[in-house]
There are 2 protein chains.
Amino acid sequence: MRRKVTLKQIAKELDVSISTVSKALRNSIEISEDTRQKVQAFAKLYNYRPNNIALSLKNRKTKTIGIIIPEIVHHFFSKVITGIELVANKRGYNVIVGLSNESFDKEVINMQMLANGSIDGFILSIAKETLQQQDYHHFTETINQGMPIVMFDRVVNEIPCDKVIVDDINGAKKAVEKLISTGCKNIAIITTKDYVSVGKLRTQGYLEALEDHKIHPKSSLILKIEDKLLSDDHLDILEKEIEQLFKSNKSIDGVFAVNELYAVTAIKVARKLGLEIPKSLQVVSFTDGVLSKHSTPSLTTVSQHGQQIGEKAADLLINRLELEETDEEEEEIYETVIIETDLIERESTK
Amino acid sequence: MRRKVTLKQIAKELDVSISTVSKALRNSIEISEDTRQKVQAFAKLYNYRPNNIALSLKNRKTKTIGIIIPEIVHHFFSKVITGIELVANKRGYNVIVGLSNESFDKEVINMQMLANGSIDGFILSIAKETLQQQDYHHFTETINQGMPIVMFDRVVNEIPCDKVIVDDINGAKKAVEKLISTGCKNIAIITTKDYVSVGKLRTQGYLEALEDHKIHPKSSLILKIEDKLLSDDHLDILEKEIEQLFKSNKSIDGVFAVNELYAVTAIKVARKLGLEIPKSLQVVSFTDGVLSKHSTPSLTTVSQHGQQIGEKAADLLINRLELEETDEEEEEIYETVIIETDLIERESTK
DNA sequence: TTACCTAGCGAAAACGTTTTCGTGTTAAGA
DNA sequence: TCTTAACACGAAAACGTTTTCGCTAGGTAA
């Protein structure tokens, strides 16, 4: 087992100085053709590669991006990571992942672990607990220390940083309009409590779509689920709540669910109640994940283009990192990119 | 914007030496109570944190684990990452993720990027292309340079490293035995071509289960799918193949699918052909993902405990890293941990 | 008084690079 | 022969730590 070879070892072996080796490997004109060849041959033989850590220390940058997301076992977030990784790698960066698990403390700790030199900047989506507590000091501190952040999906406006968001309102509008245009008169929404920003926005889109078509929203058709129910353990509670919704509103002919799970659960319940889909009940969901595509009936859904979001976020971050490099005057102008959604029509609507 | 403060700056500010500051912060007895308090107060005020990169360089270890997986938009792999991240964080390590995208080249490049000092060891699952080409030099080279590897799920025996694998054979046996015990007489398997190691093993389990029950396997009931069809674009081809299987074998009353997608697709096709599930056709799948749980009917499935695999892999790797540290004599004894599967019974079987 | 100990601190090396700034040798020009 | 310039290379600093080893001043023991 031979350890990784260093410049020093090569220098010693060839009886030249470290500087000479370094220069020879970088094809400096200062070094004679002879020496250069000798060094390069030797380096190749021993498979020399510069030590990244030493380079990071010297250059004061790591060429690594830190990602903090609430969870990874989630179609949308893993798609985003795929996108980030794609452009990061293309542009010579690595990606280091921290999971907040929707917890404020873990988010803070994870950011501290990474902010001490391990990475050049963050791409993150805020934990639910953080959104609830509205404590964002760890973000501002990080930014104040000169480390740029790009937020995606779950963002807060008061933080000065680039952001990549989904057009939740319009996405929801598209979904509801689809239901309206196919003849639904009583459209229910299954959404989350308002502190989940995306839930709130999608609810808003739902209301706007109804308003645009002169339909008066009924509060009995708006079901707000306590978000913790997303965890699988509470699936039965979720089912009960939805069943209650259907039973007390027999006239429902369309459902807009703000995520896949709510949608498939709604379908499951509806079937149990003898409703036929899409004939007597149409369903549209948000988030185009594996469930939408492969459940029966497959779901008409609003696609958020997670990968594209990741790609954009990575580009924004790296652009800013490399701009700082040349122009020490950083402009404090931050961008908010909105990624448009698409409505993907499948079997759950007419 | 104030940049991160360093020992040097604190030293200058307080008019002491760098060594004194360092020692004071680490509560060395060499430093007087007075100085210690002064330094610690100052450090706290300016929120001093040691620079990770400098520590990594000095200690010759990064406290970071490199993960290379074929893809991340996949329930099993993201579960594994969750597990790795969990114990890594608990034990003071970070996690850096590389995606091979099932490509040999990307696997090699990713490993090279990380192996140059960025990480202390790898946890990985081999890309399909690598398995096909059977070129494993990048693994042996990494190991020869003194960097430990832990492989999980898709492993090759000839590489000297710790491994964490699923008991695919027994998992498949459990699945098939479930079908047999509920009265199935003609059990088909939908699997992958043999170069995918896990597909091969699950097929083997299927055959063994049949044999154990004196059932003669029929080659017409074994459908081997070209694995590239897993990508969504080829869904229709997959459907056609399965339809063909059912049509030419009307007597099939049980299906064992080696992954969720094959299973739900089989169910879809079966329904189209008028088969009732689980009454006239029972289905068991491998991999307990989101589809199994939430599709209708929900799937009886073999759970691989991805998170547990991740946790175990991380523990194995970190144990080895910290063993190297104390005892320079590394024992070249590698462990292969087998994680048992569980059969989770749901609606797709009787 | 001499010798010695100890508390408290600083200098310097080391981790592996890159880069700036010498410096010595040789050959060409005057 | 002397000056100068090009050439080829080396020394050293810097990135931010930790740690070993010395050093000094003051105190204690003989």
- Message: Need two values: the first and the last nucleotide of DNA chain D, 5' to 3', having an atom under 4.0 Å from any heavy-atom of chain A.
- Response: D:dA8 to D:dG16

Partner set under salt bridge (Lys or Arg N to Asp or Glu O under 4.0 Å) for [X], not counting sequence neighbours:
X	result
B:Asp315	B:Arg91
A:Lys163	none
B:Glu107	none
B:Lys63	B:Glu322

- When all nucleic acid strands are considered with a 4.0 Å heavy-atom cut-off, which category describes B:Arg49: base, sugar-phosphate, or nothing? sugar-phosphate

- Item | Ion pair check, A:Glu85 and A:Lys90, cut-off under 4.0 Å | no

- Message: Short of 4.0 Å, heavy atom to strand atom, which residues of residues 11-21 of chain A count as contacting DNA chain D?
- Response: A:Val16, A:Ser17, A:Ser19, A:Thr20

- Message: Taking side chain to side chain donor-acceptor pair (under 3.5 Å) as the definition, give me every residue that meets it alongside A:Gln308, ordered by chain and number, with sequence neighbours left out.
- Response: none

- Item | Qualifying residues under side chain to side chain donor-acceptor pair (under 3.5 Å), relative to B:Glu129, sequence neighbours excluded | none

- Note on the structure: Rounding to the nearest 10°, end axes of the helix from C:dT1-D:dA30 to C:dA30-D:dT1 built from five pairs each make an angle of 80°

- Item | Pairs involving residues 34-60 of chain A, ordered by first then second residue, that meet salt bridge (Lys or Arg N to Asp or Glu O under 4.0 Å) (sequence neighbours left out) | A:Glu33-A:Arg36

- The complete set of salt bridge (Lys or Arg N to Asp or Glu O under 4.0 Å) pairs with one or both residues in residues 136-161 of chain A, sequence neighbours excluded, reads A:Glu102-A:Arg154

- Please list residues of residues 112-121 of chain A whose heavy atoms come under 4.0 Å from any atom in DNA chain C, ordered by number; otherwise none. none

